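One-based numbering, in listed order, for ligands and for the atoms of each. Just so it is clear, the model here is predicted, and its values are computed rather than measured. Both backbone and side-chain heavy atoms feed into the values below; hydrogens, waters and symmetry mates do not.
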Amino acid sequence: MRHVSFVALLALGLGALTAVCGNHLPEAAALNLNERFFDEVRELIKRRMETKQVPLVVDEVALQNQRSYDNVPIPAASVPVPVLVENWPTDQHSFGQVTAVSVDPEGNPVIFHRADRYWDVNTFNESNIYYLIEYGPIKEKTIYVLDPKTGAIKTGWGSDMFYMPHGMTIDAHGNYWITDVAMHQAFKFRPFESKPQLVIGKRFRPGGSVKHLCKPTSIAVATTGEFFIADGYCNSRILKFNAAGKLLRSIPQPPEFLSLQVPHAITLLEHLDLLCIADRENMRVVCPKAGLKSSHGEGQPAATIQEPDLGRVFGVSSYGDIVFAVNGPTSMLPVRGFTIDPRSEAIIGHWGEFKNPHSIAVSVNGSALYVTETGTNHQTNRVWKYVLA
Ligand SMILES: *[C@@H]1O[C@H](CO)[C@@H](O)[C@H](O)[C@H]1NC(C)=O
Ligand SMILES: *[C@@H]1O[C@H](CO)[C@@H](O)[C@H](O)[C@H]1NC(C)=O
């Protein structure tokens, strides 16, 4: 054994933490988590070394080459701070659960909502089959384009198309990339068209093969046209495709050491060639190499952001080299927004106050940030606007 890298230690430690805490941080977590955390790390490393389950030898030089952006924190002055826009929207909306928000190339916030549908115990059976197919798709428009200044609805579409909306990402060309957890499919649409240009997954047929998806959550699209699907609630994997929809790779892919638990949202940081994942039930953000310009670095240890106050991460979005995230209800932790520097693997800011945030998006020019919530009525199903100052 030559070196035990910090990354390997941290990864083991996080595994230990998850093993100890399960999906719920104990309420006294904030008090003595650090101490217990390191005890657990030490204990786990000892056990792993005895049983030789995980190689602890990591080539530090190769690692440094792969991750040369490491330990170069972003100067505080250049980190934008989200500031809430009060009284936005000026008129109240009457959306259903707003599961996704994205910003179109013109700077309009666009939302995807469930209208009168809720995802509850009667939605899927134990084989992940959607129970309510015979009720047909949602009749109301599920997509609304909003005015960035007032929040008023400018236009909408997406009626009679979707059953249980989840993710929506608008790419640089204005294409809409949508996931529907009931249909177990991911789609690429031109706006206002009802026929998709691309479909991934089998309609209403969940599965774990490379042809199936199972409750897919989110899509990220690169300027190269390559795209990533977070798949999702059952398969806990990311699938990477070329622009034509040909599968290129699956993340994780053996011998990659990355175990996801409900990748709930994804965002690309193209400059760093990272795909940052809201790894919800692991209560962290992990950023493996996206492999956009070359496959160099694919399979290397992912940048990992996990701190005791992060909790279950529901949404991620990015601007430049910064990730903005929202957590969701996790034991007693505050539900709020986080500003993350993936290069130093650190949370560098906290902001906002939410109840059940589900999605976050930053506008293309970085001037605005939106957060949506999945509540129980028209007051709590809502959209928040922040400006990035
Ligand atoms: C960003 O885009 C919005 C919406 O198109 C526009 O109103 C705003 O002036 C832009 N801001 C900058 C800094 O370019
Ligand atoms: C779920 O529903 C499908 C279709 O009706 C059925 O084939 C399957 O056996 C059901 N699974 C369970 C566990 O009930």
Which class fits the ring pair Tyr130 and Phe204: parallel under 30°, tilted 30 to 60°, perpendicular over 60°?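 Judged by the thresholds at 30° and 60°, the geometry between Tyr130 and Phe204 is parallel.
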Would you confirm whether the ring centroid of Phe162 sits within less than 6.0 angstrom of the ring centroid of Phe189?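 Judged by ring-centre distance (under 6.0 Å), Phe189 and Phe162 do meet the cut-off.
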Selection from Ile129, Ile133, Asn128 by shortest heavy-atom distance to atom 4 (C) of ligand 2: Ile129
What residue and atom, counting heavy atoms only, is the protein's closest point to [atom], and at what distance?
atom                    : result
atom 9 (O) of ligand 2  : Ser127 OG, 4.5 Å
atom 14 (O) of ligand 2 : Asn125 ND2, 3.5 Å
atom 5 (O) of ligand 1  : Glu106 O, 3.1 Å
atom 7 (O) of ligand 1  : Lys149 NZ, 4.3 Å
atom 8 (C) of ligand 1  : Asn365 ND2, 3.8 Å

Pair Arg249 + Glu256: basic N to acidic O under 4.0 Å: yes
Do the charged groups of Lys154 and Asp147 touch, with an N to O distance under 4.0 Å? no
Classify the side-chain pair Arg190/Asn175 by whether it contains a donor and acceptor separated by less than 3.5 Å. yes
Regarding Asp180 and Gln185, do their side chains bring together a donor and an acceptor under 3.5 Å, going by distance alone? no
Ligand 1 contact by Ser367, heavy-atom criterion under 4.0 angstrom: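 Per 4.0 Å heavy-atom rule, Ser367 contacts ligand 1.
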Qualifying residue for side chain to side chain donor-acceptor pair (under 3.5 Å) with Tyr233, from Gln261, Lys215, His264: His264
Under-4.0 Å heavy-atom contact between protein and atom 11 (N) of ligand 2: yes
Below 4.0 angstrom, counting only protein heavy atoms, does anything approach atom 2 (O) of ligand 1?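 Yes, at least one protein heavy atom sits under 4.0 Å from atom 2 (O) of ligand 1.
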Using a 4.0 Å cutoff against the non-hydrogen atoms of Glu126, which atoms of ligand 2 qualify? 13 (C)
